[in-house]
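Values below: every heavy atom of this structure, side chains too, minus hydrogens, waters and symmetry copies. The model shown is predicted, which means the values in this text are computed figures rather than measured ones.
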Amino acid sequence: QVQLVESGGGLVQAGDSLRLSCAASGRTITGYTMGWFRQVSGKEREFVAVINWSGGSTYYADSVKGRFTISRDNAKNTVALQMNSLKPEDTAVYYCAGRRSWNSFRYSSQYEYDYWGQGTQVTVSS
C-alpha cells in the first residue's frame, strides 16, 4: 500500500510559479508510474502530467506543456510538479497519483491509477 501526501499549494498571481510536492510512504515508488491531476469543483478530474518509474520519460496535457515540469526522486520517494507562468485557469485542487508499472507510462485517465493523495489547492488570481 502506498500513501501519498501533496504539499506546496497556495494563492499566487498570474505569471507566478509554484512547486508542488508529493511524498510517498508505505513502500518505495520505484516501479510506479506517477501522475498529477487537477480538479475544479463540479468537473471531472483532469490529467496534468505523468512520469515513468525511472524519471526518464514524461508526458503532459497540452494545456500545461511548456509551463509545467514533472520530476521524481526515487531515493527520497517524492514526486514534484514545477508550475511556471501560472494562469487563472490553472486554479484547481491538484492530486498526486500512482500505479505500479515498469513498462507503459502514458496513463492519462484517473481510472488507471490505484493510489491518490488528498489534494492541495492552487489558486491563481488575475
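Qualifying side-chain hydrogen bond (donor to acceptor under 3.5 Å, both in side chains) partners for Q3, counting only residues two or more places apart in sequence or in other chains: none. Annotation: side-chain hydrogen bond (donor to acceptor under 3.5 Å, both in side chains) contacts of S57 (sequence neighbours excluded): none. The side chain to side chain contact (heavy atoms under 4.5 Å, CB included) test applied to S126 returns P88, not counting sequence neighbours. In this view, K65 and D62 satisfy the side-chain hydrogen bond (donor to acceptor under 3.5 Å, both in side chains) rule, not counting sequence neighbours. Residues satisfying the side chain to side chain contact (heavy atoms under 4.5 Å, CB included) test with V40, not counting sequence neighbours, are K43, A92. Legend: residues meeting side-chain hydrogen bond (donor to acceptor under 3.5 Å, both in side chains) with T78, ordered by chain and number and at least two apart, are absent.
Transitive grouping of hydrophobic side chains (ILVMFWY, heavy atoms separated by less than 4.5 Å) keeps L4 and F37 in distinct clusters.
Residue pairs meeting the disulfide (SG to SG under 2.5 Å) criterion with at least one member in residues 26-63, sequence neighbours excluded, do not occur. Residue pairs meeting the salt bridge (Lys or Arg N to Asp or Glu O under 4.0 Å) criterion with at least one partner in residues 29-41, sequence neighbours excluded, are R38-E46, R38-D90. Note on residues 70-85: no pairs pass salt bridge (Lys or Arg N to Asp or Glu O under 4.0 Å), not counting sequence neighbours.
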Distance-only criterion, 3.5 Å: show the donor-acceptor pairs between side-chain atoms of residues 22-30 and protein atoms not counting sequence neighbours.
residue, atom, partner, partner atom, Å
T28, OG1, T30, N, 3.1
T28, OG1, T30, OG1, 3.1

All N/O donor-acceptor pairs, side-chain side in residues 101-108, below 3.5 Å, sequence neighbours left out:
residue, atom, partner, partner atom, Å
S101, OG, S104, O, 2.5
S101, OG, Y107, OH, 3.4

I'd like a table of donor-acceptor pairs (distance under 3.5 Å, sequence neighbours excluded) in which one partner is a side-chain atom from residues 8-21, with atom names and distances.
residue, atom, partner, partner atom, Å
D16, OD2, Q13, N, 3.1
S17, OG, N84, OD1, 2.9
R19, NH1, Q82, OE1, 3.3

